[in-house]
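Residue numbering restarts at 1 for every chain, and letters A, B, ... go by the order of the sequence lines. Because the structure is a prediction, the values reported are computed rather than measured.
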Amino acid sequence: MAFLHLNKVEKYYGNVHAIKGIDLAIEKGEFIVFVGPSGCGKSTLLRMIAGLEEIDKGSLHLDGKDISQTHPSKRDLAMVFQSYALYPHMTVTENMSFALKLAKESSAVIKQKVNDAAEKLDLTQYLDRTPKELSGGQRQRVAIGRAIVRSPKVFLFDEPLSNLDAALRGQTRVEIAHLHRELEATSIYVTHDQVEAMTLADRVVVMQAGVIEQVGTPMELYDYPANKFVAQFIGMPSMNILPSTLFRDAPYHTTEVGIRPEHFKLIAPDQAQLTGEIEMVEALGNETLTHININDQSQQIIVRQHQRSQLKPGQKVGLQWDTPKLHYFDDQGLVIR
Amino acid sequence: MAFLHLNKVEKYYGNVHAIKGIDLAIEKGEFIVFVGPSGCGKSTLLRMIAGLEEIDKGSLHLDGKDISQTHPSKRDLAMVFQSYALYPHMTVTENMSFALKLAKESSAVIKQKVNDAAEKLDLTQYLDRTPKELSGGQRQRVAIGRAIVRSPKVFLFDEPLSNLDAALRGQTRVEIAHLHRELEATSIYVTHDQVEAMTLADRVVVMQAGVIEQVGTPMELYDYPANKFVAQFIGMPSMNILPSTLFRDAPYHTTEVGIRPEHFKLIAPDQAQLTGEIEMVEALGNETLTHININDQSQQIIVRQHQRSQLKPGQKVGLQWDTPKLHYFDDQGLVIR
Amino acid sequence: MAKRISYSNILRTLFAWLIALLLFFPLLFLIITAFKTELQAIAVPSIWSFTPTFENFSEVQDRSDYANYAINSIITSSASTLLGLLMAVPAAYSMAFAPTRRTKDILMWMLSTKMMPAVGALIPIYVIFQSFGMLDTLGALTIIFTLMNLPIMVWMLYSYFKDIPFEIIEAARIDGAGLWEEFRHVLLPIGMGGIASTGLLCFVMAWNEAFWALNLGSANAGTLATMIASYSSPEGLFWAKLSAASLMAIGPIVVFGWFSQKQLVQGMTFGAVK
Amino acid sequence: MAKRISYSNILRTLFAWLIALLLFFPLLFLIITAFKTELQAIAVPSIWSFTPTFENFSEVQDRSDYANYAINSIITSSASTLLGLLMAVPAAYSMAFAPTRRTKDILMWMLSTKMMPAVGALIPIYVIFQSFGMLDTLGALTIIFTLMNLPIMVWMLYSYFKDIPFEIIEAARIDGAGLWEEFRHVLLPIGMGGIASTGLLCFVMAWNEAFWALNLGSANAGTLATMIASYSSPEGLFWAKLSAASLMAIGPIVVFGWFSQKQLVQGMTFGAVK
């Protein structure tokens, strides 16, 4: 049995079937990211692992023990909340030592562990401040520090970066990755941001509507999405989806074909099978995203180029693609390999 | 005189000098984006143009008329708020016709204009709903519709996309760009997101701490930033900044040198002037961001590659760069050309 | 799991009924007593089976002019509510949408005036009304009810208005609305629920108010609350008649409150439950 | 611009002082009257220059046992506040952090019980206490004060607790805290401000309460509020003595309120002003 094992886990809210039977095995030391659109059940699943929501059906095993009905205080997990959830009446030191005090650790050990964690997170000079006196990024680091001093069996992260601005988010992402490499602790991380998922995870769990759509390494998901949902959820801008009628060599049963924006090439319209009119050119400096209305399809696709473009809205262009990079989907949205 | 002209505009909040003398000339039909970190004064400046904040010093001319002291209701501007600010007790039709009714337009004209706008924004089937019954994206479109039915002299947008999720944000951005091309209306758009600024603007106004840092087209800002702030604010990940001592040919007075992530090349360490150790490899599918700790500089840089990478954290690499693409900054952070 | 839930469900339901009965009991007892004779009323233990009599009601009607009291109650409650709203709405509007650094202090201080026992203000107010020749007039009661309710009214309206996003008001201004149009087309319709709750609550409070009504106007301007008091005289308790008088006094407001309960209680929540 | 601001500033300051004086006037008048003789007190127009006398105070002290009344007030106010908190804190805790679909309805209904005039419940409650032999005891007053304040207490505490992010409680649970540790180390310290405000407010309300104190316990268990009433007899108004008695009754609570005003009023804001 794996280190953390979810076996047919389900959750109901009244008549709403929020989690529809999740099976998942997480190995010791793995960094797992749950990702999906809002309302897909990823946070609920995390909270069920933490014990903050009851498991209505199925079981949860940690390190060989069934903890499905264990009170959260007895599960030996640590959690970093989206809102940080620091104790407002305690200093940084007290916040970080609260769990150790409840576990009746000696004050010498507590002091040692808190100081170590504070040093690792660059919090040493803020130890006597209360959360109110800290910036958002510092609070975030205290929340992480509160988790790591305990050396718990599993770290749970519930969208920990969503309250930070873009620059700090990138920086903290790097810090979390660094910490994980250093501590080698089993971690489960929930986010709606596929970039966070791709850059942090050993394995990504893509969820939708209470079920797992696909589990795999980031590059597996990017290169071999199991279905249309994963194909469009992973990668930004999304994979373009076109009707199979435009593709002569598509396998039998194919109804739609997916092409990532970087797998198109713009050519002269008279040399192309497929032509379109430029709707908008987004120049981002290092790359150019060209939005193109496909002729007679009332459909828009996006083409990514890694150089500047001289094209203007209204111009006609031809499209070429890399056939081996196409993704074929059947009428259920499942990939055809 | 330009269509909209700000002349030495200033704003104080008590002792805080929030806007420190802004000069700006906006031509008819331009799409101008104010961008900057939170607290830079971009929203305040927009609200001063709208008349929602008083102008403490300086003047504001629209279409040749001084409107510095005019009540917002008499300025003939339309504004799209971050929170949409729809009238909750009115239907979509009533929301869009409110301004026209106050202007005593005939009901036939109002009906015509509302229907036109609704069609343009794909809202025709929601005309009888109240804002509560609409999704976030639909509310956003009603807010835009309320602005366009009036055919005002200037459109003001105050971070209109920040309450939408990533996918809808991208889509609505395209719609706004499309509308602007269609209506050719003068627009001022405030955002903290440099991607929005780059993709929407004819000209971008980069602000910091109540002053304008640079005004220019998106590619001007990307290729020729006037100072270190603009250089690091525009582009994601940010431009890497390194001490000038690493660069033998830097002009006199240079203290720091900036290099965009895509202007580095990774080579074997023994062939390179500059080496480092890999801290983290972020694989995003279409590109790879490699975080590298520069030896003996306790500094981290990011290198962007448009292909997959086999490198692993801990490996040593050498760095090469494109000398013409370097940006040289003096001790004031100003660029040296 | 399922068992535990249904078990606690039964317990909860039983408990809820018990509490409901306990709280309804006083009103029930009052109603029953009103239909007893005086002798039955003072019997210990209480008599629960008897022939109901309407004698108490007719006697109360004979001894006191019920209609007159009721009209006084309606006039003073309505007038003070209206007057209060006319003052409180603009005050709350400016506090909610154009706050200064002092606004919070002013609101706190307004509420703190309600902390002083009413008796502390009785004598001076009595003297003031006396010198204006207004003792025992409906005008005096209306004024004092208005002043009494004003802090609460401003508070409630402030809480309501503060929940209205200011950007909606700003949007109206940019859409071309002046002060009056902003008030008429935006604030009033959006804030109507809060204004109605506030008005209702203050109407009920004015109706139930006894202290000032007794001390400033019992003969000509007496409200229904003073009518009750005239039956709890020191010479002895006439329980049955007192019950009948109480029932007649609180009857209209209980019925009124029943129909507007949702609105009314929502008004007391100060926007705390959403 | 600058001119207009300072002009309106002056106006505002003048206005504020005027209002403050107007509201302070009743208390001032009460204080002055308490030091007059009865003849001076009823003079119209009021006399503002006279030789102050302490006669009223000593007469009130002679006629009523002030210390006894004061002790009763302190006991009933303190006991009812404590008892109320013991019941209201757990109730508010479960309503705030484990709400069911009914929680909102229960809270609304609790408040709506305060809408019925107290007189409606007088007779049955009188009968209940009578049958338990508890009339005119401190126990009866404590119970009735507690019940009277309970809905408001639950409401206030609920509003406070609801403002505490539940994630903090959850964080404590994950950190290893059981129910008691969660309460002791997290809820209590964070909610202390709200609990103190609630307690203070209910103490003041119990202190000022006159209706129940008069009707259930005026002889042995009389509180200071009932002492005042004994001076406003129907045989005639003894203004000076009434003023002295009022001053002695409300004195302690006004002083107490003065020192804890901030806490107290904050409690009444129901978290509306932040």
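- In this structure, B:His71 contributes its side chain and C:Ile174 its backbone to no donor-acceptor pair below 3.5 Å.
- In this structure, B:Tyr87 and C:Ile190 have side chains that are not in contact, with every pair of non-hydrogen atoms separated by 4.5 Å or more.
- Of the atoms belonging to B:Ala78, it is backbone heavy atoms, and not side-chain ones, that fall under 4.5 Å from chain C.
- The most heavy-atom pairs under 4.5 Å with chain B, out of C:Pro165, C:Ala171, C:Gly178, come from C:Ala171.
- Interface residues of residues 88-97 of chain C toward chain B, defined by a heavy-atom distance below 4.5 Å: none.
- Residue B:Glu119 qualifies as open at atom CD: its count of foreign heavy atoms under 6.0 Å is 12 or below.
- Looking at B:Pro88 and C:Ile168, their side chains come closer than 4.5 Å, going by heavy atoms from C-beta outward.
- The candidate from B:Ala50, B:Ala85, B:Gly51 with the greatest count of non-hydrogen atom pairs under 4.5 Å with chain C is B:Ala85.
- Interface remark: B:Leu100 contributes no atoms to any contact with chain C (heavy atom separation under 4.5 Å).
- The 12-atom threshold is exceeded at CZ of B:Arg181, counting heavy atoms of other residues, nucleotides or ligands nearer than 6.0 Å.
- Rounding to the nearest 0.5 Å places CD of C:Glu167 at 7.0 Å from CD of B:Gln82.
- Counting heavy atoms from C-beta outward, C:Glu170 and B:Met79 have side chains that stay 4.5 Å or more apart.
- Rounded to the nearest 0.5 angstrom, C:Arg173 CZ and B:Leu52 CG are separated by 7.5 Å.
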Handout entry: Steps toward side chain to side chain contact (heavy atoms under 4.5 Å, CB included) verdict (B:Arg150, C:Asp175)
Key = CA-CA 9 Å; B:Arg150 296 174 48 196; C:Asp175 266 355; 3.4 Å; yes
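- To the nearest 0.5 Å, atom OG of residue B:Ser73 and atom CD of residue C:Glu181 are 8.0 Å apart.
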